[in-house]
Number of protein chains: 2
Amino acid sequence: MDHEEASRRLLDAAEQLYYARGIQSVGMDEVRDTAGVSLARLYRLFPSKQHLVAAYLRRRDERWRASLARYVSERAVEHGADRRGRLLSVFDWLAEWFREPDFRGCAFANAFGELGAGSGPVADAVREHKALVRRYLVELADDPPRADSTEIADQLLLLLEGATTTAAITGSPDPARTARAAAAALLAAKPA
Amino acid sequence: MDHEEASRRLLDAAEQLYYARGIQSVGMDEVRDTAGVSLARLYRLFPSKQHLVAAYLRRRDERWRASLARYVSERAVEHGADRRGRLLSVFDWLAEWFREPDFRGCAFANAFGELGAGSGPVADAVREHKALVRRYLVELADDPPRADSTEIADQLLLLLEGATTTAAITGSPDPARTARAAAAALLAAKPA
DNA sequence: AGAGGCGCAGAACGACCGTTCTGCATTGCG
DNA sequence: CGCAATGCAGAACGGTCGTTCTGCGCCTCT
């Protein structure tokens, strides 16, 4: 097992365990056991638990955004979607995510809520994720370019965030539908 | 010190410590020290940590909703506000809350994200809080009565939730302004 | 063969956690 | 006064945590 494989296994284990059960309640022993990688190597690859958590979140951010972008892009091709169609398909993707059996809300908000603003690399990873998602929404809203892209993107970001938390707490995917309807109304309020 | 006073001190301490630092990282010893109440009495009043957390959240829910309702009501009197004005003043209240020095996001979502859906009395308290806030928004939206009150209330609830989390993560009160503008647009999209 | 380097499993360390226990002090009553 | 009841501070218990250490096995090289 080379370092890349060990790292991948550790991040898989971290993702599975921390997302399902929170961060502080999962010890490094359990990450080791789940990953099948020794503690010594774990600490060689990630100098502390905070580093491991931040790394898992950064990898998750990439995968999450890539999954969303792929979906929006494919739907745009299938349906010849315009700006509105592309922005609304974000919420269709949300609906699918909320229905996944291991859905447990936003890993980034959960980690931030658990560990707080002073949690160094973890808080940084969370903030960067949110900034990148916002940027993606601005890009979608700005195609074709318009003066209100940032404003609408910010509003849709709040709907996305609120729907994710609400879906986790209520255990229902309905907030995706609610958010989509709100997004449609907001887009309709600002025609081209 | 009677039981009521001890209970109040314990809930004050719990609120201060758990909201600021998360739940698992604050031991019962520290709650005891902060409250100035013995561990024996603490356990007599709250049989377990979960009970204490749930009790603090339930008290916080009452205070939070009361503060919001008072603000909305006072603003309605001051400005002769109609349905739209009352619903929008929810977001004005949010803006003030986000500016408080100890603001750290939604205590309910944070606790849920940290402890998970299986956390018994805590998860129950979180779900009930969300349901009560939703009901309050439905009441605001239904005055005067309309067929779309639940729909608009659900949409505003997502904005409220998304703004709270985003404000905590970004450390900025701006999401309240963004949410208010979105709420205004949603209300304008459905005139009387 | 022997020596050195590397990596492992899991023990060890010190800290913290949730909860219960214990020696002691205080209070109230007869 | 003596006795019983009550409550306290904080020790104790058993468990878990993050991190480092140690004895051992394996591999490579001379």
Side-chain angles (χ1 to χ4, degrees), chain A residues 1-57 110-111 113-116 118-123 125, chain B residues 1-57 110-111 113-116 118-123 125:
Chain A
M1 196 191 323
D2 60 14
H3 273 19
E4 208 169 295
E5 171 72 5
S7 191
R8 185 191 63 72
R9 281 164 165 258
L10 286 167
L11 292 176
D12 287 347
E15 176 123 39
Q16 180 193 331
L17 294 168
Y18 295 144
Y19 183 59
R21 301 194 354 228
I23 291 159
Q24 285 171 104
S25 57
V26 176
M28 299 298 258
D29 272 358
E30 199 165 356
V31 175
R32 174 201 60 195
D33 292 340
T34 304
V37 175
S38 76
L39 223 31
R41 181 175 277 200
L42 189 161
Y43 279 104
R44 201 173 323 127
L45 291 167
F46 303 101
S48 71
K49 183 166 177 169
Q50 290 256 353
H51 287 87
L52 176 63
V53 174
Y56 127 69
L57 288 175
N110 290 348
E114 180 176 352
L115 302 178
S119 46
V122 174
Chain B
M1 196 190 324
D2 61 13
H3 274 17
E4 207 170 295
E5 171 70 5
S7 190
R8 184 190 62 73
R9 283 166 166 258
L10 287 167
L11 292 176
D12 286 348
E15 176 123 37
Q16 179 193 333
L17 294 167
Y18 295 144
Y19 184 59
R21 301 190 359 224
I23 291 161
Q24 284 171 105
S25 56
V26 176
M28 298 299 258
D29 273 357
E30 199 165 355
V31 176
R32 175 201 58 198
D33 290 340
T34 303
V37 175
S38 77
L39 224 31
R41 182 175 277 202
L42 189 163
Y43 279 104
R44 200 169 328 124
L45 292 167
F46 304 100
S48 70
K49 183 165 177 170
Q50 290 256 352
H51 286 88
L52 176 63
V53 173
Y56 128 69
L57 288 176
N110 290 347
E114 179 175 353
L115 302 178
S119 46
V122 174

Interatomic distance, [X] [atom1] vs [N] [atom2] [rounded to whole Å]:
{"X": "A/Arg44", "N": "D/dC21", "atom1": "CZ", "atom2": "C1'", "result": "14 Å"}
{"X": "B/Leu45", "N": "C/dT19", "atom1": "CG", "atom2": "P", "result": "14 Å"}
{"X": "A/Tyr43", "N": "C/dA9", "atom1": "OH", "atom2": "C1'", "result": "15 Å"}
{"X": "B/Gln50", "N": "C/dC17", "atom1": "CD", "atom2": "C1'", "result": "14 Å"}
{"X": "B/Asp33", "N": "C/dC16", "atom1": "CG", "atom2": "C1'", "result": "14 Å"}
{"X": "B/Asp29", "N": "D/dG10", "atom1": "CG", "atom2": "C1'", "result": "8 Å"}
{"X": "B/Leu39", "N": "D/dA12", "atom1": "CG", "atom2": "P", "result": "15 Å"}
{"X": "B/Glu30", "N": "C/dT19", "atom1": "CD", "atom2": "P", "result": "16 Å"}

Touch class at under 4.0 angstrom, heavy-atom based, for A/Val26 against every strand present: sugar-phosphate

Between A/Ala40 and A/Met28, which residue's closest nucleotide on DNA chain D lies nearer the 5′ terminus? A/Met28

B/Asp29 and B/Arg32 ion-paired at < 4.0 Å: yes

Do you know the tightest heavy-atom contact between A/Gln16 and A/Thr34? OE1-CG2, 4.0 Å

I need the minimum non-hydrogen distance between B/Gln50 and B/Pro121, along with the two atoms involved. OE1-CD, 3.8 Å

Does a side-chain N or O from B/Arg41 land closer than 4.0 Å to OP1 or OP2 of D/dG7, or not? no

Closest to the side chain of B/Arg32, out of C/dG10, D/dG10, C/dC8, is D/dG10

Give a yes or no on this: more than 12 heavy atoms of other residues, nucleotides or ligands lie within 6.0 Å of atom CD of A/Glu5. yes

